[in-house]
Amino acid sequence: MSFSIATWNINSVRLRAGLVEDFLTAHQPDILCLQEIKCMNDQFPAKNFKKLGYEHQAVHGQKGYHGVAIISKRPLIGNFSTDYVSMGDTRHIAADFELAGKPTRIHNFYVPAGGDEPDIIKNPKFDHKLKFIDEMKVLGAMDDDVPAILVGDLNIAPYEQDVWSHKQMLKVVSHTPVETEGLLDVMKKGAWTDLMRQHIPMEEKLYTWWSYRSKDWAASNRGRRLDHVWSADELAKQLNAIEVVTEARSWEKPSDHVPVIARFDLV
DNA sequence: ATGACGGATCTAATCCGA
């Protein structure tokens, strides 16, 4: 069976429900994981997505900040959230599905941005980010013997070609060695495969985020790959394609992140 | 070195993002 999953940091789902509808209609992913919905559960535009066939939804929101959601055309067996670093933030939600007759777990993350200065003493937000990454190291791609897919805004661009200038970004939060090494350690310890880099050569520049603070994001093209799709090996072997929907950055009133879609042929 | 933009909030000025 064909199966597809998308991830998108929407930067306010109420403001951009229309863009989400356009995206779902055009690309038809089976599952969409959203981050930074910036609303409470009862404010989530559930009906807008249900009418397009995304009847199964798991929402973990809070007022004004953060918030994650999973919307799906396929039945959701169960869902749970984990409060990483015990801050009470809504930065994770997981849901279980049956795909091609097998149980499959989806994790949706919104990792803290980490503030401006990469110094855990001067900047508590950076300390929070590193602790969050540390706690992710116990999450495995085959926990409970269920193969998993992990997606989301991880707010770290791990490789040299994941940023517009490796040299100029080494001291910028999202590409400092302590972060990139930490994220690669999460991947290694959990036996996760980076599906975007499995599909797109490591030498190729690859971005999913461009700052709002640029007059012409496409001309300057100072992007970063902050959004990720990982999976257990047995799912990685069945990956067909990765699509980065770059044109979404040019839509009217866009998010600063663009959607990423992974398409599989599951047996 | 700074600021550029954009969103949410006790709708005005402040915090936050990365």
Side-chain angles (χ1 to χ4, degrees), chain A residues 7-20 34-45 59-69 84-85 87-92 109-120 122-133 136 152-180 182-183 205-228 244 246 248-260:
Chain A
T7 179
W8 195 6
N9 178 320
I10 195 62
N11 187 18
S12 174
V13 73
R14 287 177 293 171
L15 197 65
R16 284 184 246 285
L19 291 188
V20 175
L34 294 165
Q35 305 88 35
E36 281 206 89
I37 61 173
K38 291 186 173 176
C39 66
M40 294 184 287
N41 289 359
D42 61 3
Q43 299 173 312
F44 186 76
V59 183
H60 188 39
Q62 72 183 72
K63 190 177 179 178
Y65 298 104
H66 323 311
V68 286
Y84 284 79
V85 203
M87 299 272 288
D89 290 349
T90 54
R91 296 178 177 275
H92 169 261
F109 277 96
Y110 173 51
V111 171
D116 281 321
E117 209 167 347
D119 183 319
I120 60 167
K122 292 185 199 161
N123 174 14
K125 289 179 190 172
F126 194 66
D127 186 53
H128 175 217
K129 184 180 195 177
L130 297 187
K131 286 187 169 126
F132 195 103
I133 291 295
M136 286 176 74
D153 176 5
L154 305 184
N155 267 318
I156 297 173
Y159 299 121
E160 293 196 14
Q161 305 309 327
D162 293 341
V163 292
W164 65 279
S165 166
H166 171 61
K167 201 179 162 191
Q168 290 180 76
M169 288 288 299
L170 277 169
K171 290 180 179 172
V172 176
V173 173
S174 72
H175 194 63
T176 65
V178 64
E179 294 170 87
T180 59
L183 193 69
K205 290 282 189 195
L206 189 56
Y207 312 140
T208 63
W209 172 90
W210 292 261
S211 173
Y212 283 126
R213 301 180 188 189
S214 168
K215 282 177 185 149
D216 186 339
W217 71 276
S220 60
N221 198 24
R222 294 185 171 190
R224 305 177 198 174
R225 183 169 74 107
L226 303 179
D227 302 276
H228 298 265
V244 180
T246 307
R249 189 61 181 78
S250 293
W251 293 348
E252 201 177 329
K253 295 271 275 172
S255 167
D256 45 358
H257 295 253
V258 298
V260 181

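None of the values given here were measured: they were computed from a predicted structure. Reminder, nothing fancy here: chain letters follow the sequence lines and each chain counts from 1.
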*asked:* Would you measure the distance from the P atom in B:dA4 across to the matching atom in B:dT14 and give it in whole Å?
replied: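 Comparing P positions in B:dA4 and B:dT14 gives a spacing of 16 Å.
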*Taking atom P in both B:dC15 and B:dT11, what distance in whole Å separates the two?*
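It comes out at 16 Å once rounded to the nearest Å.
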*A:Tyr110 and A:His66 aromatic ring geometry - parallel, tilted or perpendicular at 30°/60° bounds*: tilted
*Please indicate whether A:Lys171 has more than 12 foreign heavy atoms, meaning atoms of other residues, nucleotides or ligands, lying under 6.0 Å from its NZ.*
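No - once you tally the heavy atoms of other residues, nucleotides and ligands closer than 6.0 Å, there are 12 at most.
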*Starting at atom NE2 of A:His257, determine the distance to atom P of B:dG7, rounded to an integer number of angstrom.*
13 Å
*asked:* Expressed as a whole number of angstroms, how long is the span from A:Phe126:CZ to B:dG17:P?
replied: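 Whole-Å distance recorded here is 14 Å.
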Has [X] got a side-chain N or O lying under 4.0 Å from the OP1 or OP2 atom of [N]?
X        : N      : value
A:Tyr110 : B:dA18 : yes
A:Lys63  : B:dC10 : yes
A:His66  : B:dG17 : no
A:Ser12  : B:dA8  : yes
A:Arg213 : B:dG7  : no
A:Lys125 : B:dA18 : no
A:Asn11  : B:dG7  : no
A:Arg16  : B:dG7  : yes

*Check each of A:Asn9, A:Val13, A:Asn11 against A:Ile37 using the side chain to side chain contact (heavy atoms under 4.5 Å, CB included) test, and report the only one that passes.*
A:Val13
_5'-most by nearest nucleotide on DNA chain B - A:Gly115 or A:Pro254_ = A:Pro254
_5'-most by nearest nucleotide on DNA chain B - A:Leu15 or A:Asp116_ = A:Leu15
*Residue pair A:Val173 / A:Lys129, side-chain heavy-atom distance below 4.5 Å*: yes
*Kindly determine whether A:His128 and A:Asp89 satisfy side chain to side chain contact (heavy atoms under 4.5 Å, CB included), including the steps that lead there.*
CA-CA 11 Å; A:His128 175 217; A:Asp89 290 349; 3.7 Å; yes
*Can you figure out which of B:dG17, B:dA18, B:dA8 approaches the side chain of A:Lys38 most closely?*
B:dA8
_Side chain of A:Ser174 (C-beta onward), nearest among B:dG17, B:dA8, B:dA18_ =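 Of the candidates, B:dA18 comes closest.
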